Amino acid sequence: MLDPRTKKLADILVNFSVGLKPGENILIESIGENDELLRALIDTVYAAGGKPFVWRDDNRTRRSLMMGASEEQLKIMAGNDGALMKQMQAYIGVRGSDNSSELSDVPSEQNALYQKVYWNKVHSEIRVNDTKWVVLRYPSPAMAQQARMSTDAFEDFYFDVCTLD
């Protein structure tokens, strides 16, 4: 059963944060374990008359990719993902990693290459400038641990803050 707080958060993100209009395309990028919110966002987008598109990722996979990615490979990825991003009017990014340090050992030169060739092209140049967007972290045991709280108490705190009227 869907947590009503998740449904309320999805409604706020779609209808207030990005102000999705009927007929608009929205890319929802889910990194980590955010399945409940992802499904709620998709349902809310359809209810608002929008067309949802989804990217799913996790930082362990992204780490593996970044460790050996070549500039040529990143240019192809940026071209493909940038072409999709250009067709979006809105973007919601949800991050909910089990390990907030997952990318910490990617060599600095690989991270810089990824940022320059892929991230800047797709996100900084296209998404930030051309879409209505919002990015948020979704509560996870790792976030609760960082806050020195139980998972349940942290989720209560998170939803109280994120769904405040």
Side-chain angles (χ1 to χ4, degrees), residues 1-20 24-69 77 81 84-85 88-108 110-115 118-120 122-124 127-128 131-165:
M1 175 180 221
L2 181 65
D3 185 329
R5 301 174 303 179
T6 300
K7 186 173 171 36
K8 182 176 181 180
L9 178 60
D11 181 67
I12 290 168
L13 293 170
V14 170
N15 295 303
F16 176 76
S17 297
V18 298
L20 194 71
E24 288 186 325
N25 296 330
I26 182 168
L27 180 61
I28 304 166
E29 183 177 27
S30 174
I31 299 175
E33 298 298 319
N34 311 305
D35 292 347
E36 185 172 279
L37 179 58
L38 179 58
R39 288 188 303 272
L41 286 166
I42 291 168
D43 292 345
T44 305
V45 167
Y46 280 134
K51 294 174 278 188
F53 294 79
V54 174
W55 282 346
R56 290 185 58 134
D57 200 356
D58 69 85
N59 281 336
R60 287 186 78 181
T61 302
R62 183 172 290 182
R63 178 190 170 278
S64 293
L65 191 62
M66 289 173 68
M67 291 296 262
M77 290 169 51
D81 292 351
L84 179 63
M85 188 70 77
M88 300 296 120
Q89 287 76 50
Y91 169 92
I92 296 174
V94 182
R95 319 288 190 251
S97 181
D98 290 336
N99 180 353
S100 60
S101 300
E102 197 65 61
L103 303 176
S104 65
D105 64 345
V106 173
S108 59
Q110 280 301 107
N111 190 44
L113 181 65
Y114 178 84
Q115 295 298 321
Y118 179 82
W119 182 264
N120 287 343
V122 175
H123 292 277
S124 296
R127 173 181 57 89
V128 170
T131 66
K132 303 175 285 185
W133 60 273
V134 63
V135 175
L136 72 152
R137 290 184 67 193
Y138 194 65
S140 67
M143 284 179 68
Q145 186 176 34
Q146 288 174 328
R148 299 182 187 272
M149 298 173 77
S150 70
T151 302
D152 288 341
F154 184 76
E155 284 178 357
D156 288 343
F157 169 76
Y158 176 91
F159 283 110
D160 286 346
V161 170
C162 290
T163 58
L164 185 65
D165 186 356

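Along the sequence shown, residues are numbered consecutively beginning with 1. In this text, all values refer to a predicted model and were calculated from it rather than measured experimentally.
Within the 4.5 Å cutoff, side-chain heavy atoms of W119 are placed close to those of R127. For the pair V94/L38, no side-chain contact is recorded, criterion being any heavy-atom separation below 4.5 Å from C-beta on.
Within the model, atoms OG1 of T44 and CZ of R39 stand 12.5 Å from one another, a figure rounded to the nearest 0.5 Å. To the nearest 0.5 Å, the span separating CG on N99 from CG on D58 amounts to 11.5 Å. Interatomic distance, K7 NZ to L41 CG, rounded to the nearest 0.5 Å: 11.0 Å. Atom CG of residue N34 and atom CD1 of residue I28 lie 11.0 Å apart, to the nearest 0.5 angstrom. Between the CG atom of D160 and the CG atom of D156 there is a distance of 6.5 Å, given to the nearest 0.5 Å. Remark: I92 CD1 to T131 OG1 distance equals 10.5 Å, nearest 0.5 Å.
Partners of R63 by salt bridge (charged side-chain N to carboxylate O under 4.0 Å, His left out), not counting sequence neighbours, listed by chain and number: D105. Scored by the side chain to side chain contact (heavy atoms under 4.5 Å, CB included) test, A112 finds no partners at all (sequence neighbours excluded). In this view, D57 and I31, T61, R62 satisfy the side chain to side chain contact (heavy atoms under 4.5 Å, CB included) rule, not counting sequence neighbours. Under the rule for a side chain to side chain donor-acceptor pair (under 3.5 Å), N111 has no partner lying at least two apart in sequence or in another chain. Residues passing the side chain to side chain contact (heavy atoms under 4.5 Å, CB included) test with S108, sequence neighbours excluded: none. For N59, the side chain to side chain donor-acceptor pair (under 3.5 Å) criterion is met by no residue, not counting sequence neighbours. Applying the salt bridge (charged side-chain N to carboxylate O under 4.0 Å, His left out) criterion to D43, with sequence neighbours excluded, gives no partner residue.
Counting only residues at least two apart or on different chains, the salt bridge (Lys or Arg N to Asp or Glu O under 4.0 Å) pairs with a member in residues 88-97 are E29-R95. Among pairs with a residue in residues 144-153, those fulfilling side-chain hydrogen bond (donor to acceptor under 3.5 Å, both in side chains) read S100-Q146, at least two apart in sequence or across chains.
In this structure, A69 and L113 approach most closely via the heavy-atom pair O-CD2, 3.7 Å.
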Output a table of donor-acceptor pairs, distance under 3.5 Å, between side-chain atoms of residues 47-56 and any protein atom two or more places apart or on a different chain; print 'none' if there are none.
residue : atom : partner : partner atom : Å
K51     : NZ   : G23     : O            : 3.3
K51     : NZ   : N25     : OD1          : 3.4
R56     : NH1  : D35     : OD1          : 3.2
R56     : NH2  : D35     : OD1          : 2.9

Less than 3.5 Å apart, which donor and acceptor atoms pair up between the side chains of residues 132-140 and the rest of the protein, not counting sequence neighbours?
residue : atom : partner : partner atom : Å
K132    : NZ   : V18     : O            : 3.3
K132    : NZ   : G19     : O            : 3.0
K132    : NZ   : E24     : OE1          : 2.7
K132    : NZ   : E24     : OE2          : 3.2
Y138    : OH   : T6      : OG1          : 3.2
S140    : OG   : S97     : O            : 3.2
S140    : OG   : A142    : N            : 3.4
S140    : OG   : M143    : N            : 3.2

### Worked verdict on I26 versus Q89 for side-chain contact (heavy atoms from CB on, under 4.5 Å)
CA-CA 6 Å; I26 182 168; Q89 287 76 50; over 6 Å; no
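Contact check on D3 versus R5 returns a salt bridge, with a Lys/Arg side-chain nitrogen under 4.0 Å from an Asp/Glu carboxylate oxygen.
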